[in-house]
Amino acid sequence: MSKFTVKQTLAALGAPYSQPCQPTPVAAPHWLAFNPALAAKLQLPEKYWLTDAGLGLFSGNTLPDWVKPVAHAYAGHQFGHFVPQLGDGRALLLAELEDANGQLFDVQLKGAGRTPFSRRGDGRAPLGPVLREYLVSEAMHALGVPTTRALAAVITGDWLQRETAEPGAIITRVAKSHIRIGSFQYVAAHGDAAQLKTFANYVIARHYPQCSQAANPYLALLEAVISAQAQLIAKWMSLGFIHGVMNTDNMSISGETIDYGPCAFMDAFNPAQVYSFIDKQGRYAWGNQSKIASWNLTRFAETLLPLLSAEPEQAIELATTALQQFNGENEAAFLQLMGEKIGLKSATKDDEVLIRDLLNLMSANSADFSQTFRLLSLSVANTTQGAAQLFADSSSWQQWANRWQTRLTAQGLALNEVQQQMDATNPALIPRNHQIAKAIELASTEGDLSLFNRLHNELQTPFELIEANADLALPPTAEQCIGNTFCGT
Ligand code: AMP
Ligand code: MG
């Protein structure tokens with residue numbers, strides 16, 4: 001066994017950033033899932049791999065002495081309304097572990113019982129949302145999207161009261177950290193100037209050490225987070241991913257996707273698609289995600305103002321200029337990614353219209369988002385093939401496809417090279433909502449994890465499509481279609 005390096009850097013900072021808190025024991029824990037590759041990456045001793053010692057650790061029932069659990073304090077804007085105290089109400093940071101490169105990762109239980117931040121909640125997580133987060137976060141990782149990972153999941157043996165009684169479960173999440181925009185909002189709302197500076201310095205050292213060399217480290221931090229989020233949101237959108245609850249407490253400072261709740265990959269393309277049943281206004285719709293990220297980053301910038309400059313007006317000017325970078329970087333990243341999806345090695349400003357027109361066509365024809373792009377490689381050689389079948393309006397498709405062909409030809413690349421690149425960019429398999437729902441139903445009603453395990457395995461190689469997985473690549477039929485996902489609590 002290689003070395004095993006445990007740190008407690010957030011716990012060491014103490015209040016107001018975190019509070020010590022023990023998990024509440026559960027009745028009869030059993031394994032649901034374990035991620036050996038991630039455990040190996042974290043150099044976790046094998047005595048915790050699918051063993052009783054591991055079950056004790058990942059259920060919170062028997063903690064080894066290297067664990068020192070704390071609940072992290074954060075605030076946040078929820079659907080635009082500021083809540084000064086949220087915090088880890090059902091999550092506990094166990095420890096931070098180093099990988100072989102010295103990169104630090106949080107290991108966190110979610111659903112381990114009440115904490116000082118639980119308010120009226122029970123601190124628990126139902127089986128369904130735990131399986132959903134496990135599947136979707138690991139699929140996102142396989143798709144190359146920065147994300148929290150899933151290390152373990154256990155069923156607790158206790159029942160939770162939600163709309164109906166549901167089995168309780170605990171997921172162990174791994175992230176570069178779970179520090180959010182809301183973490184800064186908490187310190188800004190409750191702490192003093194010195195505490196804000198301590199926290200910003202901690203975050204710089206942990207996530208953006210190069211910023212400490214900048215003339216204005218806190219401005220550099222703001223710029224780095226803006227850039228990370230601009231890239232992340234472009235990536236989400238290029239995959240048809242909808243986070244669902246982009247509150248400021250669900251947006252990480254490291255630029256990883258965090259807090260999988262009512263999230264989903266879209267089936268039929270609709271830019272106004274939402275999945276959270278409470279999101280009546282479409283605040284967190286697919287097509288609003290860039291605007292909302294920018295709004296959230298503005299809230300982040302506000303917390304940093306006292307550190308940006310001693311002169312309030314200058315601080316605002318610096319923050320405003322930094323925030324203006326978001327749109328340009330996000331649009332450029334989205335253009336590049338979407339260009340690659342349609343076979344362009346390097347998309348230019350002129351290609352924006354071509355891409356937008358395809359999206360409009362997809363939306364008008366309710367074409368499946370992932371299938372359109374995956375099948376597009378089959379249309380490269382013959383535009384009546386492949387994606388053509390998804391467009392009821394075949395003449396509009398043909399007109400678009402002719403323009404696309406002209407553009408592809410101008411690139412001067414071999415067609416099979418273009419096709420290969422497209423198949424390596426456009427996933428055949430995404431975690432489809434109706435399949436996740438089916439896997440959860442089987443697990444909850446019959447204790448049958450076979451579909452969960454199958455989805456989990458196959459989603460590790462989302463760009464490969466074998467005959468045996470043809471069913472997983474298909475969009476839902478009208479009867480299988482699921483409008484809303486769970487709220488995740
Ligand atoms: P989320 O919607 O999961 O991002 O959570 C928003 C806030 O509600 C966070 O402060 C959570 O810790 C808290 N929360 C969500 N569910 C529960 C629960 N079952 N018990 C206690 N707190 C919860
Ligand atoms: Mg959250």
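Note that this is a predicted model, so its numbers are computed, not measured. Only heavy atoms go into these numbers, but all of them, side chains included; no hydrogens, no water, no symmetry mates. Read the numbers this way: they start at 1 and go in the same order the structure lists the ligands and their atoms.
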Worksheet item: Around the Mg ion (ligand 2), how many protein N, O or S atoms are there at under 2.8 Å?
Response: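 Protein heteroatoms (N, O, S) closer than 2.8 Å to the Mg ion (ligand 2) number 2.
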Worksheet item: Is NZ or CZ of Arg283 both nearer than 6.0 Å to the six-membered ring centre of Trp295 and within 45° of the ring axis?
Response: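 Positive - Arg283 is close enough to the ring of Trp295 and near enough to its axis.
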Fill in: Sub-6.0 Å ring centroid separation between Phe79 and Tyr284
yes
Ligand-residue contact atoms, ligand 1 with [X], heavy atoms, under 4.0 Å:
X      : value
Asp259 : 4 (O)
Gln78  : 6 (C)
Arg124 : 19 (N)
Asn250 : 4 (O)
Gly87  : 9 (C), 10 (O), 11 (C), 12 (O)
Gly123 : 18 (C), 19 (N), 20 (N), 21 (C)

Discussion item. Pairs of nitrogen or oxygen atoms closer than 3.5 Å, one from Asp122 and one from ligand 1: do any exist?
Written reply: yes
Taking everything shown except [X] itself, do over 12 heavy atoms lie less than 6.0 Å from its [atom1]?
X      : atom1 : answer
Asp52  : CG    : no
His30  : NE2   : no
Lys341 : NZ    : yes

Practice prompt. Determine the sole option in Phe199, Tyr202, Tyr74 for which the ring-ring contact (aromatic ring centres under 6.0 Å, His included) test with Tyr17 is passed.
Written response: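 Running ring-ring contact (aromatic ring centres under 6.0 Å, His included) over Phe199, Tyr202, Tyr74 with Tyr17 returns exactly one hit, Phe199.
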Worksheet item: For the residue pair Phe300 and Phe184, does the interplanar ring angle fall in the parallel (under 30°), tilted (30 to 60°) or perpendicular (over 60°) class?
Response: perpendicular
Practice prompt. Evaluate the ring planes of Phe269 and Phe369, with Trp represented by its six-membered ring, and classify them as parallel (under 30°), tilted (30 to 60°) or perpendicular (over 60°).
Written response: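 Taking Phe369 first and then Phe269, their aromatic rings sit tilted (interplane angle of 30° to 60°).
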Discussion item. Under 4.0 Å, heavy-atom basis, I'd like to know which part of Tyr74 is in contact with ligand 1: side chain, backbone, both or neither.
Written reply: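 Side chain only.
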Worksheet entry | All pairs passing salt bridge (Lys or Arg N to Asp or Glu O under 4.0 Å) where residues 427-446 contributes a residue, at least two apart | Asp267-Arg432, Asp368-Arg432
Worksheet entry | Salt bridge present between Arg206 and Asp106 (N-O < 4.0 angstrom) |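 The answer is yes: the pair qualifies as a salt bridge.
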Fill in: Residue among Thr147, Thr257, Leu38 satisfying side-chain contact (heavy atoms from CB on, under 4.5 Å) with His141
Thr147
Fill in: Per atom 13 (C) of ligand 1, closest listed option by heavy atom (Arg119, Arg120, Arg180)
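Among Arg119, Arg120, Arg180, the closest heavy atom to atom 13 (C) of ligand 1 belongs to Arg119.
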Discussion item. Is Arg162 close enough to touch ligand 1? Criterion: a residue heavy atom under 4.0 Å from a ligand atom.
Written reply: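 Right, Arg162 reaches ligand 1.
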